[in-house]
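Take a look at the structure below.
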Number of protein chains: 2
Amino acid sequence: MDSEEAPLGYDVFRRTCPSHTVLETLASKWVYLTVCALRRGRMRNGALARKLEGITPKMLTQTLRVLERDGLVRREVFPVIPPRVEYELTELGQNLAGLLSQIRSWAEEHAPDIKDARARALADHHDDMAVLP
Amino acid sequence: MDSEEAPLGYDVFRRTCPSHTVLETLASKWVYLTVCALRRGRMRNGALARKLEGITPKMLTQTLRVLERDGLVRREVFPVIPPRVEYELTELGQNLAGLLSQIRSWAEEHAPDIKDARARALADHHDDMAVLP
DNA sequence: CGGCATCCTATGAGATACTG
DNA sequence: CAGTATCTCATAGGATGCCG
């Protein structure tokens, strides 16, 4: 019946399903952007910090640790001074990055549409107000 | 150079870029699941509430309002008693739903991998502890 | 049934300063 | 440079209760 069921009983709609918790971690702005940023190859911490405009050191580290824990990112430390740490996507991570990049492209492509929709929604809302004399 | 740049200067990495705010709203568990749930056709509020296990009435409405505002979901009210309200994806919404469904499938497919990765990370962490006598 | 309006708290996330 | 440690604040999101 359902044309797109999970392989083996996995179901994102069920709170207790592992796939649900996976989705929960993916549903994060910084996870999104970090994975996309790493898509083209390994990057140093500082480079990431610069690419991810507005991210704080704390959030960057936190995000990277989550991705590392989930096996999406590999962390490599070079024992030099000053310290040098590089991050790169694992195979699993690259796999995901492809999909996230599509979302990214979609967001960039349809940003105007959504901006318009929001403006219209706002205008309508003002119309409601305008009904009052 | 960059093989996947935005059509016209849109860039999700820039905080002020409209596409960035779009991504911000997409980066939500409930937005994700709601769009996926509506993928196969229009649904009533109650049906959605049942499908989205664990969602509160408040979050459901809130999520639907955001999606409606952004032009991804259309809301139809039937003036009957008891009330009947249906939601369905707009064309833009369906477009997005295709991509989100891929993420969903990915999450379900690779849930085991990530579960393993997490277990391993946890085990390693315990090893660290074990170093102490 | 659908969905506001409240209230409340757990925590996501920013700013800042410090250390190896 | 990479990362940690605090402190703080906004708010996402849960629990309830009432209304058309």
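Chain letters run A, B, ... following the sequence lines, proteins first and then strands; every chain starts at 1.
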Please check the phosphate of C:dG14 (OP1 and OP2 only) for any side-chain N or O of B:R15 closer than 4.0 Å.
no

Students should find that the hydrophobic cluster of B:F78, defined by side-chain heavy atoms under 4.5 Å apart, otherwise consists of B:V80

Is atom CZ of B:R14 surrounded by more than 12 heavy atoms (other residues, nucleotides or ligands) closer than 6.0 Å?
no

To the nearest angstrom, how far is B:L60 atom CG from C:dG2 atom C1'?
10 Å

Rounded to whole angstrom units, what separation is found between the CG atom of A:L48 and the C1' atom of D:dC1?
13 Å

Could you tell me if the side chain of A:F13 sits less than 4.5 Å from the side chain of B:R104, heavy atoms only?
yes

Just to be sure I understand the rule, does B:P83 reach a base, reach only the sugar-phosphate, or reach nothing, if contact means heavy atoms closer than 4.0 Å?
base

Taking atom C1' of C:dG12 as reference, at what distance in whole Å does atom CD1 of A:I55 sit?
13 Å

May I have the distance from A:R50 (atom CZ) to D:dA2 (atom C1'), rounded to whole angstrom?
12 Å

Applying the side chain to side chain contact (heavy atoms under 4.5 Å, CB included) test to B:T25, which of B:D70, B:L72, B:V31 qualifies?
B:D70

Mapping B:T61 and A:G54 onto DNA chain C by nearest heavy atom, which one lands closer to the 5' end?
B:T61

So what does A:F78 hit on the nucleic acid, given a heavy-atom distance under 4.0 Å: a base, only sugar-phosphate, or nothing?
nothing

Quick check: on DNA chain C, is the nucleotide nearest B:R44 upstream (toward 5') of the one nearest B:K58, or the reverse? Name the residue that is more 5'.
B:R44

For atom CD1 of A:I81 and atom P of C:dG20, their distance in whole Å
12 Å

Does a side-chain N or O from B:T56 land closer than 4.0 Å to OP1 or OP2 of D:dG14, or not?
yes

OP1 or OP2 of D:dA2 versus the side-chain N and O atoms of A:R75: is any pair under 4.0 Å?
no

In whole angstroms, how far is the C1' atom of D:dG3 from the CZ atom of A:R84?
17 Å

Rounded distance in Å - CE (A:M59) to C1' (C:dG14):
10 Å

Round to a whole Å and report the spacing from CD of A:Q62 to P of C:dT11.
13 Å

If we count only N and O atoms by modelled type, under 3.5 Å, do the side chains of B:T21 and A:R118 hold a donor and an acceptor together?
yes

Measure from the side-chain heavy atoms of B:V85 and tell me the nearest of C:dG3, D:dG13, D:dG3.
C:dG3

